[in-house]
Engineer: 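Before we start, here is the structure in question, set down as structure tokens.
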Amino acid sequence: MKGGYILFNGKFYRESDPLFTGADLYRLNTGIRESFRTENNLVMFAEDNYNYFINSLLSIGLPIPDDWDLPRFTRDVSRLLNKNHFFLAAKVVIHLIPGVSGTDYILSAEELPAGFYPISEGGLLIDFYEEGAKAPSIHHAYEPSSRFLWMAATRAALSTSKDNLIISNNQGFACESIGGTFGYLIDGSTVFPAPEAQGYCPPILGVVMECAEQSGFKIIEKNEISHEDLLHADELFLVDNCLGIQQVLGLNTRRYYTTGTVNIALKLSEIARKEHQSV
């Protein structure tokens, strides 16, 4: 049978095992929760992800777990996938949380369609999130700064039958999406929110920028991206650390029909396959 196991501090437990009490809930809310993709038992862009987790820990003042280096990280992920019989593609979720004497970590996994960030042909229908904004934070690039905003935005997306929402910072400029970020194509350039936009930056973002550049686009990082910028773009896409590049079919009433996003997504799949073969 597939699935059913998690890895807690290097030891296997069934998903139904009572590992935490109600008093432990604050720990799960004050740590880090990220996810990443695996293919054929290997972490995609493992070093990028591991370095990102370390920087995320440092941003909120949590110590690195004892003896937790890149080889152990990839080895533990492989053990988890083998235990659950997830031999093709999987989404692995990592929690790094305050422990009694240091930082605890939890790994869980679920299956994904194989294919090295396969392209979704249909495209997403999304909109702007108008009910809240992201506040400035010293760890704005990392998941803890957006977690509760994403929860509220997800409820809003479900209530309006949207696949995702574009979130703005407290100055009204677009800075991220639920669980990821975005890029848009305009006049031969691919534009992403700059770090100064205070948006979340998923671990895969640097790879996506490289893919856009290799596809012939000039890369621009912009501090102030208005709603009008996105509505007047040639194309819009979302960046998700597990799913890669997701085509956007429509934002609000705007529809996008050109093919530059597909070329960038194909380049991401190509680079991911080469990464896998080099391991």
Side-chain angles (χ1 to χ4, degrees), residues 2-7 10 12 32-56 68-96 105-122 124 143 179-183 190 192 200-217 219 237-247 259-279:
K2 287 189 175 183
Y5 291 93
I6 65 172
L7 198 66
F12 287 113
I32 291 163
R33 183 186 187 277
E34 279 286 0
S35 58
F36 52 91
R37 186 182 188 89
T38 68
E39 293 269 358
N40 300 330
N41 230 18
L42 293 174
V43 179
M44 290 286 87
F45 308 111
E47 188 170 355
D48 296 88
N49 278 285
Y50 175 77
N51 290 336
Y52 188 92
F53 303 148
I54 297 299
N55 290 332
S56 189
W68 197 66
D69 55 12
L70 177 59
R72 170 145 184 215
F73 163 58
T74 56
R75 185 167 61 249
D76 279 349
V77 171
S78 179
R79 290 173 58 216
L80 175 72
L81 297 174
N82 283 322
K83 184 73 171 179
N84 284 297
H85 296 167
F86 293 161
F87 300 124
L88 296 178
K91 171 183 178 178
V92 178
V93 177
I94 183 169
H95 287 263
L96 295 156
Y105 68 98
I106 307 165
L107 293 172
S108 60
E110 61 184 77
E111 283 193 293
L112 287 176
F116 297 91
Y117 306 99
I119 301 170
S120 175
E121 294 182 0
L124 306 179
E143 178 270 342
T181 190
F182 63 87
T190 306
F192 298 93
Y200 168 73
C201 302
I204 200 175
L205 180 57
V207 180
V208 172
M209 288 183 173
E210 179 185 342
C211 293
E213 189 171 33
Q214 290 187 15
S215 299
F217 293 96
I219 304 302
F237 60 87
L238 303 186
V239 180
D240 180 287
N241 203 47
C242 291
L243 302 178
I245 295 169
Q246 296 177 284
Q247 295 183 85
T259 59
T261 295
V262 173
N263 294 334
I264 300 173
L266 289 172
K267 181 62 68 175
L268 175 62
S269 182
E270 177 187 337
I271 290 177
R273 290 178 188 276
K274 291 179 179 177
E275 164 92 3
H276 180 272
Q277 293 167 0
S278 68
V279 176

Engineer: Given 3.5 Å as the limit, does a donor-acceptor pair link the side chain of Asn241 with the main chain of Arg37, or not?
Structural biologist: no
Engineer: Counting only heavy atoms from other residues, nucleotides and ligands, does the tally under 6.0 Å from CD of Gln214 exceed 12?
Structural biologist: yes
Engineer: Who are the side-chain hydrogen bond (donor to acceptor under 3.5 Å, both in side chains) partners of Glu110, not counting sequence neighbours?
Structural biologist: none
Engineer: To the nearest 0.5 Å, tell me how far Leu124 CG sits from Gln247 CD.
Structural biologist: 8.5 Å
Engineer: Should Leu88 and Glu39 count as side-chain neighbours, where that means a heavy-atom distance under 4.5 Å?
Structural biologist: no
Engineer: For the pair Val208 and Ile245, evaluate side-chain contact (heavy atoms from CB on, under 4.5 Å) and give the outcome as yes or no after the intermediate values.
Structural biologist: CA-CA 8 Å; Val208 172; Ile245 295 169; 4.0 Å; yes
Engineer: Using modelled atom types only, decide if a donor and an acceptor are shared between the side chain of Asp48 and the backbone of Ile204 within a distance under 3.5 Å.
Structural biologist: no
Engineer: Donor-acceptor pairs under 3.5 Å, side chain of residues 262-274 to any protein atom, not counting sequence neighbours: which ones?
Structural biologist:
unit_1, atom_1, unit_2, atom_2, d
Ser269, OG, Phe116, O, 3.1
Glu270, OE2, Lys274, NZ, 3.2

Engineer: I need the Leu7 CG to Phe12 CZ distance, nearest 0.5 Å.
Structural biologist: 5.0 Å
Engineer: If we ignore hydrogens and angles and just use 3.5 Å, is the side chain of Glu143 paired with the main-chain N or O of Arg33 as donor and acceptor?
Structural biologist: yes
Engineer: To the nearest 0.5 Å, tell me how far Glu111 CD sits from Phe87 CZ.
Structural biologist: 10.0 Å
Engineer: So how far is it from Thr261 OG1 to Gln246 CD, rounded to the nearest 0.5 Å?
Structural biologist: 11.5 Å
Engineer: Backbone N or O of Cys242 within a donor-acceptor pair of the Asp240 side chain at under 3.5 Å?
Structural biologist: yes
Engineer: Please lay out, stage by stage, how Thr38 and Met44 fare under the test side-chain contact (heavy atoms from CB on, under 4.5 Å).
Structural biologist: CA-CA 5 Å; Thr38 68; Met44 290 286 87; 6.0 Å; no
Engineer: Search all heavy atoms of Glu213 against all heavy atoms of Ile219 and return the closest pair with its distance.
Structural biologist: N-CD1, 3.8 Å
Engineer: Would you be so kind as to tabulate the donor-acceptor pairs closer than 3.5 Å made by side chains of residues 74-82, with sequence neighbours excluded?
Structural biologist:
unit_1, atom_1, unit_2, atom_2, d
Thr74, OG1, Leu70, O, 3.3
Thr74, OG1, Pro71, O, 3.0
Asp76, OD1, Arg79, NH1, 3.1
Asp76, OD2, Arg72, NE, 3.4
Asp76, OD2, Tyr105, OH, 2.6
Ser78, OG, Asn41, ND2, 3.2
Arg79, NH1, Gly10, O, 3.2
Arg79, NH2, Gly10, O, 3.1
Asn82, OD1, Asn41, ND2, 3.2
Asn82, ND2, Ser78, O, 3.2

Engineer: Any side-chain heavy atom of Val92 within less than 4.5 Å of one from Ser35?
Structural biologist: no
Engineer: Could you check whether the rings of Phe192 and Phe237 sit parallel, tilted or perpendicular, using 30° and 60° as the cut-offs?
Structural biologist: perpendicular
Engineer: Before we go on, tell me: are the rings of Tyr52 and Phe36 under 6.0 Å apart, centre to centre?
Structural biologist: no
Engineer: Give the C-alpha distance, both sets of side-chain angles, the deciding distance and a yes or no for side-chain contact (heavy atoms from CB on, under 4.5 Å) between Ile6 and Leu107.
Structural biologist: CA-CA 6 Å; Ile6 65 172; Leu107 293 172; over 6 Å; no
Engineer: Distance from Phe53 atom CZ to Asn49 atom CG, nearest 0.5 Å?
Structural biologist: 4.5 Å
Engineer: Is there a donor-acceptor contact under 3.5 Å from the side chain of Asn40 to the main chain of Ala89?
Structural biologist: no
Engineer: Could you give the distance from CD (Glu34) to CD1 (Ile94), rounded to the nearest 0.5 Å?
Structural biologist: 9.0 Å
